[in-house]
Structure formats: C-alpha cells, structure tokens
Amino acid sequence: MQAEQGCTVYDAAKQISEGLSRAAVAGAVNGTVVDLTFPLDQDCSLEILTFEDDRGKKAFWHTTSHILAQAVKHLYPEAKLAIGPAIDNGFYYDFDMEHSLTAEDLREIEGEMKKIVKTGERLERFTLPREEALELMKQEPYKRELIEELPEGEEISFYKQGDFTDLCAGPHLFDVKPVKAIALLSATGAYWRGNEKNKMLQRVYGVSFPKKSMLDEHLEKLEDAKKRDHNKLGRELELFTTSDLIGQGLPILLPKGARIIQLLQRFVEDEEQKRGWQMTKTPLMAKSDLYKLSGHWDHYQEGMFVMGDEEKDKEVFALRPMTCPFQYQAYLNRARSYRDLPLRYSETSTLFRNEASGEMHGLIRVRQFTISEGHLMCRPDQLEDEFKSCLELTMFMLKTLGLYEDVSYRFSQWDPNDREKYIGTPEQWDEAQSTMKRILDHLEIPYRIGIGEAAFYGPKLDIQIKNVHGKEDTLITIQIDQMLAEKFGMEYVDSDGSKKNPYIIHRTSIGCYERTLALLIEKYAGAFPAWLAPVQVKVLPISQNYVDYTTQLVAKLEAAGIRVEHDTRNEKIGYKIREAQMEKVPYMLIAGEKEQEAGSVSVRSRRDGDLGGMPIDDFIGKLLIEVQTRAR
RNA sequence: GCUGUCUUAGCUCAGUUGGUAGAGCACUUCCUUGGUAAGGAAGAGGUCGGCAGUUCAAAUCUGCUAGACAGCUCCA
C-alpha cells in the first residue's frame, strides 16, 4: 500500500473500515507481524490481522500472558518473571516463586486479570541500550539472563502497560481492553529454559478470547476431548486395564482390546508379506555384548531393562529396546550377494523400554509394547525406491485406518552440538541426512525439521500425530542408517566382486499396536469401523420367548466369522438397546414375533440408523462386504 | 526423574473441627413377558491404595511408599 506521513497499521485498518479497525489485533507488514501502532513509512504489503488469524491469536494471547504476569506481580510481588509466550492453543507464563499456586489461587489471579482489563491500559513499546535495560530489570534475574544473551546490536524492546513492564519482542494488542474472556487452566512445573538441570519454575497455562461465548465453546471442546480420551474410554469399553501390582506402563489388554490388536496385526502381517517382506522371530533378550556392539550399551542403556550386574555376574542380559541388532544377525546368517538385495525383514516385535516414571500415559507411552517393525537392507541405487515403498506402505495403512489426514511429517536430524548422543562422524551424518533430504524433497513430503530428534545412528522421517489433548507423538518412523551395517560387519558382494556395506532402512508400517489403538479409540470415540470392532453385531431378542430364534441367528453369524454378542438377559428391549449403544456396537439385530415368522431380523446400524427388516443372509452378505472393504 | 493435584463399593462420587463408612448406577435373586435410552422389590458388596507414626480413638493429622492425572524433561 501507499505510505502516508504518520500513518500506522491501525490508521490503515480504519481507512478500510471502522469494523475492521475494531477487530484488528495486529498487522503483518511484508510478512512480519507488527503492532497496530507500527508506523507505515515505506511502501509495503500490509495485512490487518484479527483474532480469526492464527498470527492475530498469538498476539492476543501473548498480550494476555503479560496481563497474567501483571496480575501475579500484583498478588505475589516477590515472584520473578521468566518467559510468557503464546502457544498453539493459548498462552503460558513461567514464574519463580516460593508459594505453589493452587486452583483457588488461579481463580484469584483470573479476577485480578479482569480488573487489569477493565483499566483499559495501553501497551507502550520502548527500547533501551543494554546497560539501561539491565538496570531496569535489576530485580528480574531471568530477564537479565535473557538480555545478556541478546546478540550485540540487537534491539532490546520493552512493553509497558500501567504499572507493569516486560522485556518483550512483541507484537502486542493496542491496549488490554479486547481481552474479554480469560480462563487459567492449570499450574504446573517447568524447567527454566527447558533444561532439567535448571531450576523448576511454576508455569501457568491459560487461554483467552474477545468474547465470552468463544471461551465457553472452547471449554466445551476441552470437555468433549476428555470424553474421547483413550485412557478413559479404553478402560470404560474394557479394551484395557492396568494393575498396581504389575506396574506402571504395563497395560493389560482385555479380550476386546486384544481382539482389535489381533485384527490389526493380521492385516499388517498379510499386507507386508504381499509387499515382499519376510517375517522373522528373534529373541526378546540378548547378552550385553550385542548391545555393546550396536552402541545401545553406550547410548541407550538408561532406556533398557538390564538383568544382572556386570561386576558380579558372568553373563548380563538385557531385554531388547529395539529389534535392529537381532535382525542383523539374520542377515549375517550367510554371505550376501548384490542379487539378494533388497532384503526385507519384518517382525511383530515386542520391545521393552525403561521409560522415566513420569512418562507413562495410558496406551500411548508404555514400558512394553509390540511394534510392526522391519529392517530393509539394500544397495545405494535401491535406497530411494525402497524408502518410497516403505512410505507407501505406511500411507496405505494410515488411509485404511482413517488417520491419514491427521498426521504431519518431521525430518528428524542430529544435533551437531551434542556429539555425546550420536555415533558416527559429521561427514557420515551429512551424507545420511542429505540422502534423506533428497529423497523427501523428491517425494514432495511436506516436512518440518527437528534438530536433535534423530536416532543415535541416523536421521528419521517421523510421522507425527496429535492426541485428543493436542499432544504430539510419533506414530510411525522410517530411518536411514549407514552406520550400523559397518559396525556389525554386514556386507554384500557387489557385481564387481568387491565387498560393500548395505544401506539399512529401519521402519514401522503401522507403528506400535498399543499406541495405534489409543489413537484409533480417540479418532472413533470408541465406535470402531465394523472391520475392527471387537463386537460387530449384538443380537437382542424382544423377549425370552424369542431366545431360541436369536440363538439360531447367532449360530449363523458365527459360522460366517462374524463377531457377535447375544444379549439374552431378561430385560426391556429399550434397555438392551441402550447398552448396545453405549458399547458402540456397529450393528444391532432385533428379533421378535414378526421377525421369527418372516425368518428375518430388524437391523439397526450405528452409522445409518434403522435399516428395517431383512433376511439374515442378506445382512451377513452386507456386513462381510463392509468388513472386506474395511469401510469406515 | 522433576513440580503440582489426587487415590473411599465394579463405576461416578458424598463423608462437616479426628469418635472405626454412605448415595446413584452396575451386580445377585424374585416379580414384571416386553418393540427402540432406565418397570418394581429385596439382597450382597469396602481393614477408606499400602506400610509406619501421633492419639484413648485415624478415611480424616504426620512420614515413607505404590499407583493415577496435568505439565516439564525424555521418547515409538
């Protein structure tokens, strides 16, 4: 737009419309988000951001975090300020203070925040030279640390609202008035700068909106999310349970949960075999010697369950945390030719990882889990095609499960500044990562980069998924490894007679069954598609008089391989239907006098409602097609 | 592992300043013999997560311990 003397982003918004200027929370000048007071003194591209825009939301929430800090300072003047950014679904602020905040304290702070909003204070930005900035923040050790680390020549900016001033790069709202609805959600611990060696601060999470109705809607969504939570729903539906005697992170899969995993596993194993994967079955444990060779002993020991003491015992064993070195022994069974490659080994492998006690969560983070694992040994010229085929297999799995739309991609790289964590040389890492980058770019995978997220032996493509609470986890991973083949002496004889190390792709096709089940529970809110449902059909007689007839129906259904439950309880039909609905069964078959006479059943579909009466064979045919096509 | 909250019947939860436990649903039995979200009656079920301590007396107070939840750190 054309610049005018003294014109700000706010003025520009006002020129467009009065309404827009009222809704405006920030601007974006040449793509950089700025305050509404930002002067437009050059020709530039300008966007007016409202709360509807994600960048506008961030400015809105960031300002709310300042209001939070101001309120905390009013109530707890001794609190030291750390940082307070906007996040994807709200904001937080970290404080260092003796008193640990309770739920009642949060309500009190909310009240103070509302008072601050009422003052309608403006946010004023100013900058200071380093020395003066340090002087201004002399009571705030964390802010001083941040200032001291700002590079020479960087502008040190502050935002002031009433009696509160914070070191901050901005941008912010014009004033605090638009923050009409605030909810502080929780107070928890968080390490200063995310480092567990640093002091633990108190983090207050919250969210805010320009309208009360928007906040109510948001809070309702959070409540709904809780209802879908696999950890609650999975227990209610009797898919799994846990036992204090067995221990943390060791879920017990009950018959219905085990059935779903069995169905997934058969599907995966069959599909992998169709695609040229050969199944191995390797031991669940090995001597420490194996892990010393693989590097796990040095780089992953705290994540392993080790049995025995190296000081005292002749042999020390450890439960396997991954299958790689075991399947390598299968490769090493005999000399390999370049003609043997690619060699694709799959395994439904149970793994054991000694997760820290605070990490366990339902079926998502556990200490023992079973993964659809595989290792693929290939020549350099085969690497890209094989990587692609691994990716295609996972895509097929995700699409079949209905999770394809919900994932994002992370290219997990090493951290060159943390050499302790990784094996290999910078040259090897550069080569592995540039190979992977070339493949990902060629396949047009829309990835983001995760520094320091690589495995200790190589880079990964992680397929990430968010659970119902918005927390992200890795569902699937495909990794390129150039290091371990050399360590294990894995070779093939090339066409020219020379010996070479193969590339190894580590991959999973559907992830680990427990975690995948957890995400499916949340995806479908427990109402699984018919092909996965532990109970596909519930047969309900109208009264005891028709139990004989429904028993015949059940026999027919079972003969067709359908998973069926027969409710013969002496209860009202309405009651039985309610039970079946709560169990989220795909089909209910209801039978009484009229059905018995016609040799039919009344079919009620969870998805399509009342389908009326039909002959039992017609229903069986319909359901079998639905199962075969894995319809959702 | 760290910070905080929590643990009472199968489930969801009450239980007032310490005086050895209650509700609803589920469960069992009986009555009701029925058509799309709760028919009626009776009964059974708990060393209040575990172990110590304080006290005449602990579900309640203190310590330790095991789990659960949220977040941090870590990770499939």
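Just so it is clear: chains get the letters A, B, ... in the order the sequence lines come, proteins before strands, and each one is counted from 1.
A close approach under 4.0 Å does occur between a side-chain nitrogen or oxygen of A:K460 and OP1 or OP2 of B:rA76.
Atom-to-atom, NE2 of A:H361 to P of B:rC74 comes out at 18 Å; the value is rounded to the nearest Å. Going from atom NZ of A:K226 over to atom P of B:rA68 covers 19 Å, rounded to whole Å. Atom CG in A:L184 sits roughly 16 Å away from atom P in B:rG71 (whole-Å rounding). Residue A:M588 contributes atom CE, which lies 13 Å from atom C1' of B:rG35 at whole-angstrom precision. Summarising the geometry, the separation between NZ on A:K197 and C1' on B:rU73 is reported as 10 Å, rounded to the nearest angstrom. The distance from atom CG of A:N198 to atom P of B:rG1 is 20 Å, rounded to the nearest whole Å. Rounded to whole Å, the distance from NZ on A:K584 to C1' on B:rA37 is 14 Å. In this structure, A:I364 atom CD1 and B:rA68 atom P are separated by 15 Å, rounded to whole Å.
Residues from residues 236-249 of chain A with heavy atoms under 4.0 angstrom of RNA chain B, sorted by number: A:D244, A:Q248.
Between A:Y205 and B:rG71, no base-stacking contact is recorded for ring centres under 5.5 Å apart and planes less than 30° from parallel.
In this structure, A:K226 pairs ionically with A:E223, as a charged nitrogen and a carboxylate oxygen lie closer than 4.0 Å. The pair A:D473-A:R515 counts as a salt bridge, with a side-chain nitrogen and a carboxylate oxygen less than 4.0 angstrom apart. Between A:K281 and A:E347 there is no salt bridge, since no side-chain nitrogen of the basic residue lies less than 4.0 Å from a carboxylate oxygen of the acidic one.
Contact annotation for A:R203: backbone-only contact, meaning every heavy-atom pair under 4.0 Å involves sugar-phosphate atoms and none involves a base. Contacts of A:E595 with the nucleic acid, taken as non-hydrogen atoms under 4.0 Å apart, include base atoms. Counting non-hydrogen atoms under 4.0 angstrom, A:K594 reaches a base of the nucleic acid. Within the nucleic acid shown, A:I573 comes within 4.0 Å of sugar-phosphate atoms alone, with no base atom in reach, counting heavy atoms only. Within the nucleic acid shown, A:E593 comes within 4.0 Å of at least one base atom, counting heavy atoms only. A:D473 comes within 4.0 angstrom of a nucleotide base, judged by non-hydrogen atoms across all strands.
Of the candidate nucleotides B:rG35, B:rU33, B:rA70, B:rG35 has the atom nearest to the side chain of A:I542. Closest contact between the side chain of A:K471 and the listed nucleotides B:rC74, B:rA76, B:rG1 involves B:rC74. Distances from the side chain of A:E355 to the nucleotides B:rG35, B:rA70, B:rA76 place B:rA76 closest.
Applying the salt bridge (charged side-chain N to carboxylate O under 4.0 Å, His left out) criterion to A:D224, with sequence neighbours excluded, gives A:K227. Residues meeting the ring-ring contact (aromatic ring centres under 6.0 Å, His included) test with A:F619, sequence neighbours left out: A:Y587. In this structure, A:K57 has no side chain to side chain donor-acceptor pair (under 3.5 Å) partners at least two apart in sequence or on a different chain. Qualifying side chain to side chain contact (heavy atoms under 4.5 Å, CB included) partners for A:E269, counting only residues two or more places apart in sequence or in other chains: A:Q265, A:M279, A:T348. Taking A:N467 as the reference, nothing meets the side chain to side chain donor-acceptor pair (under 3.5 Å) condition, with sequence neighbours excluded.
Residue pairs meeting the side-chain hydrogen bond (donor to acceptor under 3.5 Å, both in side chains) criterion with at least one member in residues 239-256 of chain A, sequence neighbours excluded, are A:R235-A:T242. Sorted by first and then second residue, the ring pair (Phe, Tyr, Trp, His ring centres under 6.0 Å) pairs with a member in residues 182-206 of chain A read A:Y92-A:Y205, A:Y142-A:W192; sequence neighbours excluded.
Minimum heavy-atom separation, A:V207 to A:H218: CG1-CD2, 3.8 Å.
The same atom, C1', is picked in B:rA21 and in B:rA57; the two are 16 Å apart, to the nearest Å. Using atom P as the reference point in both B:rA26 and B:rC11, the two lie 15 Å apart (nearest Å). Rounded to whole Å, the separation between the P atoms of B:rU28 and B:rU16 comes to 34 Å. Only the C1' atoms considered, B:rC30 is 22 Å distant from B:rG24, to the nearest whole Å. Nucleotides B:rU3 and B:rA59 place their C1' atoms 27 Å apart, quoted to the nearest Å. Spacing of P atoms, B:rU7 relative to B:rC48, comes out at 14 Å, to the nearest Å. Look at the P atom in both B:rC56 and B:rU47: the space between them is 28 Å, to the nearest Å. For B:rA41 and B:rU36, the C1' atoms lie 26 Å apart once the distance is rounded to whole Å.
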Can you tabulate the close N/O pairs, meaning under 3.5 Å, that link protein atoms to atoms of nucleotides 44-47 of chain B?
none

Treat primed atoms plus P, OP1 and OP2 as sugar-phosphate and everything else as base, then score nucleotides 25-30 of chain B 5' to 3': B for base contact with protein heavy atoms under 4.0 Å, S for sugar-phosphate contact only, - for none.
-SS---
Base, backbone or nothing for each nucleotide of nucleotides 2-11 of chain B, written B, S, -, heavy atoms under 4.0 angstrom, 5' to 3'?
BBS-------
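A donor-acceptor contact under 3.5 angstrom links the side chains of A:S294 and A:H296, judged on distance only. Between the side chains of A:T394 and A:S509, not a single donor N or O lies within less than 3.5 Å of an accepting N or O. A donor and an acceptor atom, one from each side chain of A:T551 and A:D548, are nowhere located under 3.5 Å apart.
Residue side chain A:R353 does not reach the base of B:rC75 through any donor-acceptor N/O pair under 3.5 Å, judged by distance alone. One can find a donor-acceptor pair under 3.5 Å joining the base of B:rC75 and the side-chain atoms of A:R365.
The only option from A:R448, A:R507, A:R410 that meets the salt bridge (Lys or Arg N to Asp or Glu O under 4.0 Å) definition with A:D462 turns out to be A:R410.
Mapped onto RNA chain B by nearest heavy atom, A:M322 and A:H469 fall at different nucleotides, with A:H469 at the one closer to the 5' end.
Ring planes of A:Y328 and A:H506: perpendicular class, angle over 60° (limits at 30 and 60°).
Both key distances under 3.5 Å define a Watson-Crick or G-U pair, and stretches of 3 or more such consecutive pairs in RNA chain B run B:1-7 with B:66-72, B:10-13 with B:22-25, B:27-31 with B:39-43, B:49-53 with B:61-65.
Annotation: side chain of A:I480 is not in contact with side chain of A:I504 (no heavy-atom distance under 4.5 Å).
Annotation: A:H299 is not in aromatic contact with A:Y457 [ring centroid separation under 6.0 Å not met]. Annotation: A:Y422 is in aromatic contact with A:W429 [ring centroid separation under 6.0 Å].
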